[in-house]
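See below for the structure under consideration.
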There are 2 protein chains.
Amino acid sequence: MATIKDVSRLAGVSVATVSRVLNQKGYVHEDTEKKVMNAIRELDYIPNDVARSLTKKSAKMLALLVPDITNPFFNELARAVEKVTQLYGYATILCNSDDTPANEKQYIHALKQKYIDGFILASNTLSAEEVQQLDVPVVTLDRTISDTIPTVASDNREGARQGVQFLLDRGCNKIAHIRGPQQLSIADERCQGYLDVVQETAWFSPDLIFEGNFNLNQATEAANRLLDRHPDLDGIFAGNDIMAMGALRAVQKRGIPVPDRMQIVGFDGISLGEMVYPELTTIAQSIYEMGLLAARMLIKMIERKPLDTMHYKLPVELIRRGTTR
Amino acid sequence: MATIKDVSRLAGVSVATVSRVLNQKGYVHEDTEKKVMNAIRELDYIPNDVARSLTKKSAKMLALLVPDITNPFFNELARAVEKVTQLYGYATILCNSDDTPANEKQYIHALKQKYIDGFILASNTLSAEEVQQLDVPVVTLDRTISDTIPTVASDNREGARQGVQFLLDRGCNKIAHIRGPQQLSIADERCQGYLDVVQETAWFSPDLIFEGNFNLNQATEAANRLLDRHPDLDGIFAGNDIMAMGALRAVQKRGIPVPDRMQIVGFDGISLGEMVYPELTTIAQSIYEMGLLAARMLIKMIERKPLDTMHYKLPVELIRRGTTR
DNA sequence: CTGTTAGCGCCTTCAC
DNA sequence: GTGAAGGCGCTAACAG
């Protein structure tokens, strides 16, 4: 593997000159540039990124921290992030935190030793101060840690409102909510949106809300309890699509026809929702867009370009499919 | 961020000595070792990976090339690979090839400039020679390129046989196969397994085999054609779970009861299969295991430890669920 | 415009 | 046992 020295020798110039043409920095005569270029081509020379990183203190790499890459939301995100980094000449390092703070910290410290340029935090167990003290650019997803840390998120509350309102409009008379984990802000926001719509109705009662932990099986169980307790239930709004699918399964198992006697709306818009029958009506986030945005923001920050917006709140979209009338 | 120099100064020794205790190499007096350790602790010193990479020509990173991280098979794989690398102090770089040779090549060259230690090739458009010439350790998944390149794969043909045989045993009288893309060896093997079982039956005809491209929608379409052409069809063996789900959807849409009038078996054992109703009967690969194995093998190769086996062919397991009687 | 030189942080002979 | 010095490959002043 040729080095810059080989090139300089072949071109009959100094390494500094080669470096200059490589980085298009400083003046260099057209003729010498050509000589250098030829030498580069002849030797198939490609600059060594590691050496470059050492001097630049930047590795052209960024890390994506997710709780679980197996979760459709996060792998769609990963897909987008990877796309952008690839495009801009960065590499993306994948980190599975399992939502464990210790893991996150370990990753972050390990990666800083590699001159990682920035982090996209989709997993998010770190406190505001911890993130602040990272002294590396960070973008967080779905959670505003502080005004100084850029975020991209969806309008969860408004989305939830739309979903529940839609159920109402389609004729539901009693709607339950299977919500995500306590203290996870997106779960709270969606639950809040549900409440915004139903709180004042005659039929509402707090035990229409069950915890499903963003998890299929727990949601199935929650749906079962719900059905036992409220035989007249005819609508379920789930805090995410996975839980909606869990509920759908429970409902189908009981032989209750969907959407005729039970309508279901999920949240996220993961492609999985189209794979079940009936296909899931859902409040779709632009997951891929969120990934693109987050990655582009981060790269801008790394390259010290100005950000147009610090906090993106993306609109969501109701996608009407088979689980509603 | 402290450097080795800071440590040496504080400990009153030379950098060489610090390096020695760091790498446990060469002799160093017990007392000086202690002094060094203390200095390290006091300064919270962590060696700089980039500098280390530059001299060692190894970055403690490996790359995972997949066609699409969004595919459940590959993200489960990624999960496993990441787990292992994390455990052994490596980082894993995620690469989405979209099954495009150009992309793969670009990734590989870019990463070699970063002193990537090895590749796990799950995406696989490269020819044998190209892989051979990489002069970096490689493990391939689901495809044997040459005897010198380690692989991990499932026993696809035997698995397919089991799946089809099971359909027969459960009373199917006419079984179709929706297969994966031509020229993809795993698709061929599974198709071959299907043929092994049905080829000699009275009802078999080649137009019971349709191409579904490992893709949900194409499989749905294939199932529709199949149902049009063979109204007496009562069993479908799909080349993977995604296609099985596509078929299931088509069948359900026509109001054909599953498993009573139609039974379906998939292949892969992705967790998605449990999310539909009825849940998918499938030939499960140990996807996570495959990932663990591949990563461990690769790391062994990188660290020049001997491999017990060059080619793993993992057993598969029939998981009996709701789409069969 | 171009070359010289001094790092970046670490590892590795080679003397002592 | 330990230290000095050179080198990994590249960038960034600073001269000229």
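Atoms considered below: every heavy atom in the structure, side chains included; atoms not considered: hydrogens, waters and symmetry mates. Here is how names work: the chains are called A, B, and so on, in the same order as the sequence lines, proteins then strands, and each is numbered from 1.
Dashed line: the shortest gap from a side-chain N or O of A/Ser14 to OP1 or OP2 of C/dT2 is not under 4.0 Å. Dashed line: the shortest gap from a side-chain N or O of A/Asn48 to OP1 or OP2 of D/dC8 is not under 4.0 Å. Under 4.0 angstrom from either OP1 or OP2 of C/dT12 there lies at least one side-chain N or O belonging to B/Lys25. The phosphate of D/dC10 has neither OP1 nor OP2 within less than 4.0 Å of any side-chain N or O from A/Thr55. A close approach under 4.0 Å does occur between a side-chain nitrogen or oxygen of A/Lys57 and OP1 or OP2 of C/dG9.
Spacing between atom NZ of B/Lys114 and atom P of D/dC10 amounts to 13 Å, rounded to whole angstrom units. Atom NZ in A/Lys56 sits roughly 17 Å away from atom C1' in C/dG9 (whole-Å rounding). For B/Leu22 and C/dT12, the CG to C1' distance is 14 Å, given to the nearest whole Å. Per the geometry, CD belonging to A/Glu30 stands 16 Å off C1' belonging to C/dT2, to the nearest Å. The CZ-P distance, from B/Arg20 to D/dA4, rounds to 11 Å in whole Å. As rounded to whole Å, 18 Å separates atom C1' of C/dA15 from atom OH of B/Tyr27. The separation between B/Asn23 atom CG and C/dG9 atom P is 17 Å, rounded to whole Å. Between the CE atom of A/Met1 and the P atom of D/dC8 there is a distance of 16 Å, given to the nearest Å.
Across all strands shown, A/Val13 has heavy atoms under 4.0 Å from sugar-phosphate atoms exclusively, and none from any base. Across all strands shown, B/Ser19 has heavy atoms under 4.0 Å from base atoms, whether or not it also approaches the sugar-phosphate. Within 4.0 Å of A/Ser53, counting heavy atoms only, lies no atom of the nucleic acid at all.
A salt bridge between A/Lys112 and B/Asp49 is absent, with no side-chain N of the basic residue lying under 4.0 Å from a carboxylate O of the acidic one.
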